[in-house]
Amino acid sequence: MSDLSRLSLNTATAKHATLAECTSACAEAGLGWIGPWRDRIQGVGNDEAARIISEAGLKASTVCRGGFLTGTDADSLPGAIAENTRALEEAAAVGASELVMVVGGLPTGDKDIVAARQRVADRLGDLVSIARDHGVRLALEPMHPLFTADRGVLTTLGQSLDMAAPFSPDVVGVVVDTYHVWWDPQARESIARAGREGRISSYQICDWILPLAAETLNSRGFPGDGYIDFPTITQ
């Protein structure tokens with residue numbers, strides 16, 4: 001691949017670099033985009049983050065992350081709406097059209113995963129008008145089943161597409177993250193469906209390596225070093 005201008009760096013890849021350092025590295029390497037996490041934006045403020053990205057000659061592909069919609073306590077609904085509204089404001093400020101949504105796992109002591117998924121659906125309904133007002137799409141990211149309990153009760157791309165189906169594709173999309181979907185026997189069909197429905201918000205690449213780290217998210221690897229068949233998934 002000679003033209004890297006379509007690629008975006010997710011700033012979580014460079015956890016110890018500032019937003020300015022990340023954008024500089026992207027520009028030097030010929031990437032055209034950057035996907036800032038909210039901590040990088042909040043560290044300098046919305047306006048300064050937008051300036052840093054723009055002056056590097058980049059655009060923001062996504063902002064990570066919104067979500068965590070499964071809480072059950074009395075404050076969880078207004079708190080989730082308020083926090084996701086702030087995330088949408090940050091995405092809009094830096095010009096990102098997609099807010100990646102890690103929907104949340106099971107609250108402590110709660111084992112009703114069906115009810116948790118219903119809360120996600122209900123709270124998406126509360127957020128879609130806010131997202132539309134900001135010109136930002138809510139991008140549902142299915143998580144590998146290892147993360148169901150604490151991070152995401154949506155575990156397959158097909159399940160995420162079903163969750164998105166009641167809403168317009170311009171306001172609710174899905175993330176195809178190879179780390180989370182490579183194992184899914186229905187991945188091929190689900191990716192094709194997502195394309196037909198116009199819901200692919202982001203395509204993320206990183207490899208699955210062994211042995212798994214104690215903090216499993218740190219088991220992500222450089223593409224080609226692990227077990228994921230990138231050519232097949234990409235095609």
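Start at 1 with the first residue, then count along the sequence. The structure displayed is predicted, hence computed values, not measured ones.
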*Asks:* For residues Y179 and Q204, determine if any side-chain heavy atom of one lies less than 4.5 Å from a side-chain heavy atom of the other.
*Replies:*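 The answer is no, as the side chains (C-beta and beyond) never meet within the 4.5 Å cut-off.
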*Asks:* Do L7 and I228 sit in one hydrophobic cluster, given that two such residues count as connected whenever their side-chain heavy atoms are within less than 4.5 Å of each other, even indirectly?
*Replies:* no
*Asks:* If you measure from the Lys or Arg side-chain nitrogens to the Asp or Glu carboxylate oxygens, is any gap between E83 and R38 under 4.0 Å?
*Replies:* yes
*Asks:* Salt bridge check, E48 against R51: does any charged N sit closer than 4.0 Å to a carboxylate O?
*Replies:* yes
*Asks:* Any Lys/Arg nitrogen of D177 or R220 sitting under 4.0 Å from an Asp/Glu carboxylate oxygen of the other?
*Replies:*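 Judged by the 4.0 Å cut-off on N to carboxylate O distance, D177 and R220 do form a salt bridge.
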*Asks:* Between the side chain of R132 and the main-chain N/O of V171, is any donor-acceptor distance below 3.5 Å?
*Replies:* no
*Asks:* With a 4.5 Å heavy-atom cut-off, do H180 and E141 have their side chains touching?
*Replies:* yes
*Asks:* Kindly check if the number of other-residue, nucleotide or ligand heavy atoms within 6.0 Å of CD (E215) is above 12?
*Replies:* yes
*Asks:* Flag the pair P78 / I81 as yes when at least one side-chain heavy-atom distance between them is below 4.5 Å, and no otherwise.
*Replies:* no
*Asks:* Among D73, D126, D110, find the one that has a salt bridge (Lys or Arg N to Asp or Glu O under 4.0 Å) with R119.
*Replies:* D110
*Asks:* Return yes when atom CD1 of I205 has more than 12 non-hydrogen atoms of other residues, nucleotides or ligands closer than 6.0 Å, and no otherwise.
*Replies:*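 No - once you tally the heavy atoms of other residues, nucleotides and ligands closer than 6.0 Å, there are 12 at most.
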*Asks:* Sequence neighbours left out, what passes side chain to side chain donor-acceptor pair (under 3.5 Å) with N218? Give chain and number order.
*Replies:* none
*Asks:* Report yes if the side chains of F147 and T155 come closer than 4.5 Å at any heavy-atom pair, otherwise no.
*Replies:* no
*Asks:* Under 4.5 Å between any side-chain heavy atoms of N10 and C64, yes or no?
*Replies:*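 Touching, per the 4.5 Å side-chain cut-off.
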*Asks:* Can you spot which of L69, L138, I130 makes a side chain to side chain contact (heavy atoms under 4.5 Å, CB included) with N84?
*Replies:*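 For N84, the side chain to side chain contact (heavy atoms under 4.5 Å, CB included) test succeeds with only one of L69, L138, I130, which is L69.
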*Asks:* If only atom types and distance count, is the side chain of S8 paired as donor or acceptor with the main-chain N or O of G35 below 3.5 Å?
*Replies:*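 Yes, because the side chain of S8 sits within donor-acceptor range (under 3.5 Å) of the backbone of G35.
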*Asks:* Start with the C-alpha gap between L161 and E197, add the side-chain angles, then the distance that decides, and say whether side-chain contact (heavy atoms from CB on, under 4.5 Å) holds.
*Replies:* CA-CA 9 Å; L161 288 165; E197 295 179 3; 3.9 Å; yes
*Asks:* Side chains of T70 and V120: does their closest heavy-atom pair fall under 4.5 Å?
*Replies:* yes
*Asks:* Is there a path of hydrophobic side-chain contacts, each under 4.5 Å between heavy atoms of I, L, V, M, F, W or Y residues, that connects M101 with F167?
*Replies:* yes
*Asks:* Do other residues, nucleotides or ligands put more than 12 heavy atoms under 6.0 Å from the OH atom of Y203?
*Replies:* yes
*Asks:* Answer with yes or no whether the hydrophobic clustering places W183 together with L157; edges join I, L, V, M, F, W, Y residues whose side-chain heavy atoms lie under 4.5 Å apart.
*Replies:* yes
*Asks:* Side-chain heavy atoms nearer than 4.5 Å, only ILVMFWY residues, links allowed to pass through others: does that put F222 and I233 together?
*Replies:*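 No, no single cluster joins them.
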*Asks:* Side chain to side chain donor-acceptor pair (under 3.5 Å) for E98 and T62? Distances and angles first, verdict last.
*Replies:* CA-CA 5 Å; E98 316 288 340; T62 58; over 6 Å; no
*Asks:* Do the side chains of I209 and W182 join up, straight or via other hydrophobic residues, at under 4.5 Å, putting them in one cluster?
*Replies:*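 Different clusters: I209 never reaches W182 through Ile, Leu, Val, Met, Phe, Trp or Tyr contacts under 4.5 Å.
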*Asks:* Just to verify, what does D162 make a side chain to side chain contact (heavy atoms under 4.5 Å, CB included) with, not counting sequence neighbours?
*Replies:*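 For D162, the residues satisfying side chain to side chain contact (heavy atoms under 4.5 Å, CB included) (neighbours in sequence not counted) are R193.
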*Asks:* Hey, could you give me the CG/OG1 distance between D207 and T178, rounded to the nearest 0.5 Å?
*Replies:*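 Rounded to the nearest 0.5 Å, the CG-OG1 separation comes out at 7.0 Å.
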*Asks:* Would you say R40's side chain and A20's backbone share a donor-acceptor pair under 3.5 angstrom?
*Replies:*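 The answer is no, because no donor-acceptor pair under 3.5 Å joins these two groups.
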*Asks:* What distance separates T11 OG1 from I41 CD1, expressed to the nearest 0.5 Å?
*Replies:*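 Between T11 OG1 and I41 CD1, I get 8.0 Å after rounding to 0.5 Å.
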*Asks:* When you look at L154 and M143, which way does the side-chain contact (heavy atoms from CB on, under 4.5 Å) test go after all the steps?
*Replies:* CA-CA 6 Å; L154 299 180; M143 307 293 285; over 6 Å; no
*Asks:* Quick one: does E90's side chain get under 4.5 Å of V94's, heavy atoms only?
*Replies:* no
